[in-house]
There are 2 protein chains.
Amino acid sequence: MEQALIENLKKLVGDENVIHRFEDRFCYTYDASFAEIDQKNIPGAVVFPETTEQVAAVMKFAYAHKITVIPRGAGSNVSGGTLAVADGLIMVLTKMDKILEIDRDNLLVVVETGVKTGRLQQEVEKMGLFYPPDPASLAFSTIGGNVAESAGGPRGVKYGTTKDYVLGMEVVLPTGEILNTGGRVIKNVTGYNLTQLFTGSEGTLGIITKVILKLVPKPEGKKTLLAVFNEIEGAGQAVSGIIAQGIIPTTIELLDDVYIKNIEEYAHVGFPLDAGAVLLIEVDGDKEVLDKQAGKIERVCQAAGAREVKIARNQEEAEELWKARRAAFASCARLKPTIIGEDATVPRSAIPAMIAKIREIARKYEVLIAVVGHAGDGNLHATFLCDEMNQEEMARVEKAIDETFYAALELKGTLSGEHGIGRAKAPFIKMQIGEEGYRVMKKIKLALDPENLLNPGVMFGE
Amino acid sequence: MEQALIENLKKLVGDENVIHRFEDRFCYTYDASFAEIDQKNIPGAVVFPETTEQVAAVMKFAYAHKITVIPRGAGSNVSGGTLAVADGLIMVLTKMDKILEIDRDNLLVVVETGVKTGRLQQEVEKMGLFYPPDPASLAFSTIGGNVAESAGGPRGVKYGTTKDYVLGMEVVLPTGEILNTGGRVIKNVTGYNLTQLFTGSEGTLGIITKVILKLVPKPEGKKTLLAVFNEIEGAGQAVSGIIAQGIIPTTIELLDDVYIKNIEEYAHVGFPLDAGAVLLIEVDGDKEVLDKQAGKIERVCQAAGAREVKIARNQEEAEELWKARRAAFASCARLKPTIIGEDATVPRSAIPAMIAKIREIARKYEVLIAVVGHAGDGNLHATFLCDEMNQEEMARVEKAIDETFYAALELKGTLSGEHGIGRAKAPFIKMQIGEEGYRVMKKIKLALDPENLLNPGVMFGE
C-alpha cells in the first residue's frame, strides 16, 4: 500500500492504530481455517479502529480509493471468512470491547463488537442471567465475529444459535454510512428484518460495530448423563427417542468409536475402549424436573441398547464427563498432524444414515474420519485426520470432503451448520442454495457494496 | 383490466380461478385494517392460483405487462398490507392449503401457504407437538399471511413470534422465478438468511408459496392466574418482578380500567368494576414446576400491591378467565362504533411510562383510549374508541395515534410489535428506521422488484 494511503489511515484512526511493517501484516494473513497461506495475499495495512465513527471513516476512505477491506474479530473462524487479500486493508475490531449496558428488566445486553463471548457470559451470569450461544471458541472469539458468522455450539438443540439472540445492531455499510437495525424489543416488525440479514452475512454486507443481544434467566440447575453404546445406530435411536419423549436437552453430544478410543488413550477419562459410540447429554432448568428428565433419558437410552448410562451425581462428575468431550479435537493431534473439522449438518433423523455414509466415504478414499458432534440438531463434525505434507493423501481427503457435502445435501441437510461458508466452502454454495439463491444474494451484495470491496470472495467464491 | 389480459390469466390458472366482475373485484378492495376504502382502487381482476408454478406464471405475466400484484391470504391483516391498487391484480392464495408433511422426528412441518394457522395447530397437537405463535386471527388467517407479516400473539413473551419458527420457504420472486430458502435443519448458516429477509417483508419481496416451520413438544400442562390491582403501576411492577424471579410465563396479558369495566358490563366475568388493572398470566411446562411458579407469581403480585390473585383450579376456570381477555375487543363495540387497535411496543420496563403517556394523550385530545396488551413483551394495544362518521373527532384521534407512535419511539420501542407497517404506518417508518434504514430497504426492494410491481406502497409509503 502506498505510503500516502497509510498516512491518511493514520489520520483517520491515530498513528498507534495502524500497522504496516511486512512482518506485522503477515500475521494477519490467515485465520483459524484450514487454508493454505498464499504468500501473494499479504495485506497492505492493518487498522484497529476504536469507535464506530472511525470504522465509518475508514470505509468511506476505502471506497474512495477502491481498497478491499477485510473486517476481523479474533480471526477464530474456521471457514476462511477473514483471510487476507493482496494489498487490502485488514480491519481488526478487538479494541471496541466495551459492555455498554446490561439491562436486567428487559433481559438484554448492549455490547461493542469486540467483546469476547466468554467475558459477556461471565458478566451476565453474575446477575443471574444467561447468554446461551456457546461456540467452542468462546474464550477468545468476539461477539461481532459470532454475529457475523451466526456461530452455533452444543446448546443449539435447546437454545438455538447466535442469530436467535440478536435483537438489533449498529453496522457500518460498505460505503461508510452507519445503520441501526432492530431495537430493544422482542416483538418488532417495523421494516425488513435487516438484523437477520446482516447476522451470518460473514462480513460481506457491513461491519458490525454494536450489538443488542437477548438474554434469558439463568436455569436453576443442570444434570449431565453419559450413555455408552456398542453400536452407533443405538445412539441415533436414542436421540430420536429422547425428543419423542418431549424432552429437548440442552446438549446431546455424540462421539464415535474413533474418538472414544483416541480420547481415552489421551485423557484417561474412563471410556470403554470397545464402545461404538457415546452420547453426552445435559438437561437444564427447574430442579424439580431434572431428575425426572434424567430418568426418562436413561430409560430411553437403555431401550435403545445402551450398555451403560452414567448420571453425574454432582458438578465435579459432570465436569469430568465434559472434559472428555472437550479433549476431542486436541486428542486427534496424537494421530495425525492435520485435523480438518467439517460441519455439514443433516436433519436429526438422518444422523444414522449420515454416519453410515461418512464411513463408506472413509473406506472408499482410505481416509481416517472420526465423528463428533451436536447430535441433537444433526450438526455433526466429521473430522478428517491427515497430513498436509502428504499431497497424495490430501487429494483423497479433498474428494472425501466433497463427497461428505454431497451426502449431507442428499439427506436434506446443509453445507454448514455453524462454521460458515467463508472462502473454504464458497465453491459449493450453489449446490445448496441453487442458481436462484445465488442470484438473489448477489443482487443484495451489489446493492449494498457495488464495488465488491468488503470481504470479496467470501460466500460468493469469485 | 383489458379483456385480452383476463383471457390470458384464465389460460394461466384456469377459467374457474379468475374473477373479474365489478361486484366480485370490489370484495377484494379492502382488508381488516382501518383504512378508508378508496373507490378508485378497485382491482382489475382476482386470481386464485392452485400451484407454485401458477403463481410463478402469473408473476412473469404481470411483469411482462407491468401489472401491479397484491398477494393475499385471508386478508385479515390490520395494517393495510393487502389493500387493492387500481386495476391491479389481487392474488388470493387460500386454495394452496395442503399440510404436506408433519415430521415428528425432526420437529417440523411443511405446509402450503394457504393453510389456516388454527388448523395447523390442531393437526400437530394431535401428535403431541406444538406450534406456539397465536395471532388473534388464527382461526381464519393463513400461515403464508402470518409469515409475510411475522405475526405475533400473547405467547410471544415465552415462545417468540412467527419468525422464530420459520426454517425455510419456497417463494416466488417478483420477476417470477421460484426460490427455495433455508431448509430442514435448525442450524444452517449457508448463505444470507433470506428466510428471515422474506419473513415479515409484507409481500413486497416475493410471494410465499410453501413454508417449513419448526415445532416444539407440547408442554405437559399449564396454569392460569388472574391478578387484580387498584393501580396500573402495581401491575407494571409485578411484570418486572415476575421476570426478575427467572420466570418467563407463556403469557402476561394486561387489561386497564377502561377494558375491565367494559368487559365486565358486557360479559359478566366477575371483574371488580373499580379495579385499576388486571394481569392474566399463564405458565406452561412440566407439571412439577407449575405450582411452584404459580406460587412465586402470586407472591410477586401481592408484593406489588395486588388486592386479589386468583389461580384457576382447572381448565374450565382457566377458560373463564381467558373468555374475559378474548371479549376485550368485541366489548368495545358497545361504547363506540369505530375501534382502532394500535400495537406500538416498548421495552417491558417502559410499560408504566407508556401507559402514563397514553393517558396524557387521551386527556390532551379528549379521545377515549383503552389499553390491553401483551405486557410481558411490552406489546401494548392502545385501543382508540371513536366514530368514523364524526370527522372532527377523527382528526383528534389521528393526532392522538401519531403522538402514541412518537411516545413509543421515545421510550426506545417500535411502531409495530406484531401488526406490521402496511400502508397504514408507512408514513411513519422513517421515524424509526431512519433515512439509512429506509435507503437500505429500498435498495433491496429495487434489486428484487425493479419495476415496483409487487405490493407497491406497502412499508415504503409511496
Side-chain angles (χ1 to χ4, degrees), chain A residues 105-107 128 149-150 152 156 161 163 177 179-181 183-194 196-197 199-201 217 240 243 246 248 286 288-289 292 345-349 377-379 412-418 420-421 429 432-434 436-437 440-441 443-444 447-448 459, chain B residues 105-107 128 149-150 152 156 161 163 177 179-181 183-194 196-197 199-201 217 240 243 246 248 286 288-289 292 345-349 377-379 412-418 420-421 429 432-434 436-437 440-441 443-444 447-448 459:
Chain A
D105 275 345
N106 297 308
L107 295 178
E149 299 288 320
S150 197
T161 58
K163 73 174 188 307
E177 299 86 3
L179 172 71
N180 285 282
T181 74
R184 287 164 174 259
V185 279
I186 292 172
K187 280 182 172 171
N188 187 352
V189 295
T190 302
Y192 295 161
N193 195 342
L194 299 179
Q196 293 299 330
L197 178 64
T199 300
S201 66
S240 293
I243 304 292
I248 307 283
D286 287 278
E288 291 83 350
V289 298
K292 180 183 77 170
T345 298
V346 294
R348 186 189 295 127
S349 64
D377 47 33
N379 184 198
K412 299 188 178 171
T414 175
L415 285 173
S416 178
E418 56 184 21
I421 297 299
I429 191 169
Q432 180 177 336
I433 67 171
E436 208 47 60
V440 169
M441 277 180 56
K443 281 180 182 172
I444 294 170
L448 299 189
M459 278 188 169
Chain B
D105 274 344
N106 297 307
L107 295 178
E149 299 288 319
S150 196
T161 58
K163 73 175 187 311
E177 300 85 3
L179 172 71
N180 284 282
T181 75
R184 287 164 175 260
V185 279
I186 291 173
K187 280 181 171 172
N188 187 350
V189 295
T190 302
Y192 295 160
N193 194 340
L194 299 180
Q196 292 299 330
L197 179 63
T199 300
S201 67
S240 293
I243 305 292
I248 307 283
D286 288 279
E288 291 83 351
V289 298
K292 180 184 76 168
T345 297
V346 293
R348 186 188 296 128
S349 64
D377 46 33
N379 185 199
K412 300 188 178 170
T414 176
L415 285 174
S416 178
E418 56 183 20
I421 297 299
I429 192 169
Q432 179 176 337
I433 66 171
E436 209 46 60
V440 169
M441 277 180 57
K443 281 179 181 171
I444 294 170
L448 299 188
M459 277 189 170

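Protein chains get the first letters and strands the later ones, always in sequence-line order, with residue 1 at the start of each.
Counting heavy atoms of neighbouring residues, nucleotides and ligands inside a 6.0 Å radius, atom NZ of Lys412(A) does not exceed 12 of them.
Taking Gly156(A), Gly378(A), Gly246(A) one by one and counting their heavy-atom pairs under 4.5 Å with chain B, the maximum is reached by Gly246(A). Put simply, of Ser201(B), Gly413(B), Gly200(B), Gly152(B), the one with the most heavy-atom pairs under 4.5 Å next to chain A is Ser201(B). Of the residues considered (Lys443(B), Gln196(B), Arg348(B)), Arg348(B) shows the highest number of contacts with chain A, using heavy-atom pairs under 4.5 Å. Looking only at heavy-atom pairs under 4.5 Å with chain B, the residue among Met441(A), Glu149(A), Lys163(A) that has the most is Met441(A). Among the candidates Leu448(B), Asn379(B), Asn180(B), Ile243(B), the residue making the largest number of heavy-atom pairs closer than 4.5 Å to chain A is Asn379(B). Most heavy-atom pairs under 4.5 Å with chain A, from the set Thr345(B), Ile444(B), Leu194(B), Asn188(B): that is Asn188(B). The greatest number of non-hydrogen atom pairs below 4.5 Å with chain A, out of Thr181(B), Ile421(B), Val185(B), Val189(B), is found for Val189(B). The candidate from Ser416(A), Pro217(A), Ala447(A) with the greatest count of non-hydrogen atom pairs under 4.5 Å with chain B is Ser416(A). Considering only heavy-atom pairs separated by less than 4.5 Å from chain A, the leading option among Gly191(B), Gly417(B), Gly434(B) is Gly417(B).
Put simply, the residue from Ile186(A), Asn106(A), Asp105(A) that forms a side chain to side chain contact (heavy atoms under 4.5 Å, CB included) with Pro347(B) is Asn106(A).
Contact annotation for Thr161(B): only side-chain heavy atoms (C-beta onward) come within less than 4.5 Å of a heavy atom of chain A. Of the two parts of Gln432(B), only the side chain, counted from C-beta on, holds a non-hydrogen atom closer than 4.5 Å to a non-hydrogen atom of chain A. Contacts between Leu415(B) and chain A at a heavy-atom distance below 4.5 Å involve backbone atoms as well as side-chain atoms.
Side-chain contact between Thr190(A) and Ile433(B) is present, with heavy atoms from C-beta onward closer than 4.5 Å.
Contacts of Ser150(A) classified as side-chain hydrogen bond (donor to acceptor under 3.5 Å, both in side chains), with partners at least two apart in sequence or in another chain: none. Partners of Lys292(B) under the salt bridge (Lys or Arg N to Asp or Glu O under 4.0 Å) rule, at least two apart in sequence or in another chain, are Glu220(A), Asp286(A), Glu288(A).
Asp377(A) CG to Leu107(B) CG: the interatomic distance, rounded to the nearest 0.5 Å, is 11.5 Å.
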What verdict does the side chain to side chain contact (heavy atoms under 4.5 Å, CB included) test give for Leu197(B) and Asn193(A), after you've listed the backbone C-alpha separation in whole Å, the side-chain angles of each residue and the deciding distance to 0.1 Å?
CA-CA 5 Å; Leu197(B) 179 63; Asn193(A) 195 342; over 6 Å; no

